2 protein chains.
Amino acid sequence: MLQELNIASRANRVRRYSGMEHASPAKNRELVTAMETAGSHRWFSRDTEIYAEKERAEYLYMLVSGAVRAYKVVMDGRRLISAFYMPGDIFDLEASKNHVLSTEAIVNSDALLVRRDAIMTLAARDPELMQQLWTSCTQELRRSQEHMLLLNRYAEERIASFLLEMSRRTNSTSVHLPMSRQDIGDYLGLTSETISRMLTKLESSGAIHLPTCKQIALRNRAKLEQLVI
Amino acid sequence: MLQELNIASRANRVRRYSGMEHASPAKNRELVTAMETAGSHRWFSRDTEIYAEKERAEYLYMLVSGAVRAYKVVMDGRRLISAFYMPGDIFDLEASKNHVLSTEAIVNSDALLVRRDAIMTLAARDPELMQQLWTSCTQELRRSQEHMLLLNRYAEERIASFLLEMSRRTNSTSVHLPMSRQDIGDYLGLTSETISRMLTKLESSGAIHLPTCKQIALRNRAKLEQLVI
DNA sequence: CGGCGCCTTGAACCAAGTCAAGCTCTGTGG
DNA sequence: CCACAGAGCTTGACTTGGTTCAAGGCGCCG
């Protein structure tokens, strides 16, 4: 068990730097530095909760390695995933006093936590830092709006858009999906069966190739882009 | 024409103060004050553009009176409304260098515009103001996420939620809807026909009453709330 | 190598969309 | 003041994209 964790940890650390490099190209240097100096690392193993809706929100999070899902479960049992976070992403920006979403690690993950009051104190003295916090929030708002608009489209278009988004965020044409079909379905407002069917359809049209069910190679990017425009 | 504008202007000014009172209960006093002193009013008549997607974003907006829709038009002609703004709401928070959405006045409207660089300069010197800008952004992010989650639900639930939201935002059980069925449809990811059908259904179940098609009285709030939980 | 969870595929069903016709409200001009 | 025109709203009949339910298949881990 300990050994397994260590192996996962190492694997994630390797992924970390490529991920972080991509996500923070000196653009939010102050924010990353502030989080690294004022924050502390915490390790979350696969499928464990990071925080739950309605709990008091004390920290701001930056994912260092792994992957995270943010979701709500509605009365009738449906689960709606509002976002996936990848290394370099800052999350829980939407919290007020309390968390409005729950989050879980999808795979073993390392996150940097910083107390909200600590970062706000720093930001009050450093306009550059405050600016970057603000920018993180507007970025997240844009992402949320984009996603919202996506939910009005056909299943095939949603998947195409999801794959392109993942490719862009991991900076690679061969996308590794850490999450299950059910996760993707709950994110795109579709069932896991529809996700399967559409991936099969995209593969038979030559747009993608599926060596394994978690590994997706974007064969014909133009074909995918045509679907999302 | 001029007379018509004046009449509309007066009508809106009356609505203004009730609306603003509700929306800004001293919570973002600094922000409102800053916008009032550093900004300037602009009048938009019904169905005119406030700004268009991809144009350079120079201002931050606060709606004083009227109603605004923010939307995107996608390739195939569908229009997707991402938000409605009511008096007191601050909008265009999601803009980076350029607008990512277009906005139009739904009815004759009065907005307060302030240059982004001006408000950022003020905010760099006033942590309280910066804090309020930040809060506006996280609020908008929460709203956007809520809306996103709504789009995965049944038509009847979406309408119920929309009516409750409107009731809450206008602080009244008798909701006046400034927007058309088509607007509501584009906001909720439904057709205008479905909006009509569901409103009829809600009326015959006794949840609401429709004296006119723009005026909706919430008869049985519990019944509506039961649908949205 | 065997079992379990996840993924895929098929068939029947259903919520919402589309198309079309009629209705209502509002504004305009006689 | 009323008749009329046009836009927007409502309602009905039919279609369809996606879900549901169910049966296999695959791969991963012990």
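Labels below follow one simple rule: chain letters A, B, ... track the order of the sequence lines, proteins then strands, and each chain is numbered from 1. Only a predicted model underlies this, so the values are computations on that prediction, with no experimental measurement involved.
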Tell me the interatomic distance from A:K201, atom NZ, to C:dT9, atom C1', rounded to whole angstroms.
15 Å
How close or far is atom P of D:dT11 from atom CG of B:L199, stated in whole angstroms?
10 Å
Verify the distance criterion only: is there a donor paired with an acceptor across the side chains of B:T138 and B:T135 at less than 3.5 Å?
no
Quick note, A:A155 side chain, CB onward, closest among C:dG17, C:dT8, D:dG18 is D:dG18
Quick check: on DNA chain D, is the nucleotide nearest A:R158 upstream (toward 5') of the one nearest B:L210, or the reverse? Name the residue that is more 5'.
B:L210
Hey, does B:I195 reach any base, or is it just sugar-phosphate, or nothing, if we go heavy atoms under 4.0 Å?
nothing
Looking at A:E193 and D:dC21, is any side-chain donor or acceptor paired with a base atom of the opposite kind under 3.5 Å?
yes
Correct closest heavy-atom pair for A:Q215 and A:S174 would be NE2-OG, 3.2 Å
Touch check for A:G185, heavy atoms < 4.0 angstrom, all strands: base, sugar-phosphate only, or nothing?
nothing
Looking at every non-hydrogen atom in both residues, tell me the closest pair between B:L101 and B:S82 and how far apart they are.
CD1-OG, 3.4 Å
Starting at atom CZ of A:R153, determine the distance to atom C1' of D:dG18, rounded to an integer number of angstrom.
17 Å
Tell me: CD of B:E203 to P of D:dT10, nearest whole Å?
9 Å
Output yes when B:R69 and B:D47 qualify as a salt bridge under the 4.0 Å nitrogen-oxygen rule, no when they do not.
yes
Is the ring centre of B:Y59 less than 6.0 Å from the ring centre of B:Y51?
no
Which is true for B:T200 with a 4.0 Å heavy-atom rule: it touches a base, it touches only sugar-phosphate, or it touches nothing?
sugar-phosphate
Which whole-number value in Å describes the distance from B:D76 CG to C:dG17 P?
14 Å
Rounded to whole Å, please give me the gap between CG in A:L151 and C1' in D:dG17.
16 Å
Whole-Å distance, B:Q182 CD to D:dG6 C1', equals 17 Å
Between A:S161 and A:R153, is there a side-chain donor-acceptor contact under 3.5 Å, judged purely by atom types and distance?
no
Looking only at D:dT20, D:dT11, C:dG17, the nucleotide nearest the B:T194 side chain is C:dG17
Between D:dG12 and B:R197, counting only base atoms on the nucleotide and side-chain atoms on the residue, is there a donor-acceptor pair under 3.5 Å?
yes
Do the charged groups of A:K72 and A:E94 touch, with an N to O distance under 4.0 Å?
no
Do any N or O atoms from the side chain of A:D186 and from the backbone of A:L80 form a donor-acceptor pair under 3.5 angstrom?
no
Proximity to the side chain of B:K214 - top-ranked nucleotide from C:dT9, D:dT19, D:dC9
D:dC9
Closest listed nucleotide, where the reference is the side chain of B:C213 and the choices are D:dT20, D:dC9, C:dG17:
D:dC9
Choosing from C:dT18, D:dG18, C:dC7, which nucleotide comes nearest the side chain of A:S180?
C:dC7
Find the bend of the helix from C:dC1-D:dG30 to C:dG30-D:dC1 as the angle between its two terminal axes (five pairs each), to the nearest 10°.
30°
Return the 5'-most residue of the pair A:T212, A:E156 with respect to DNA chain D, ranking by each residue's nearest nucleotide.
A:E156
If I take atom CZ in residue B:R46 and atom C1' in nucleotide C:dG27, what distance separates them, rounded to the nearest angstrom?
11 Å
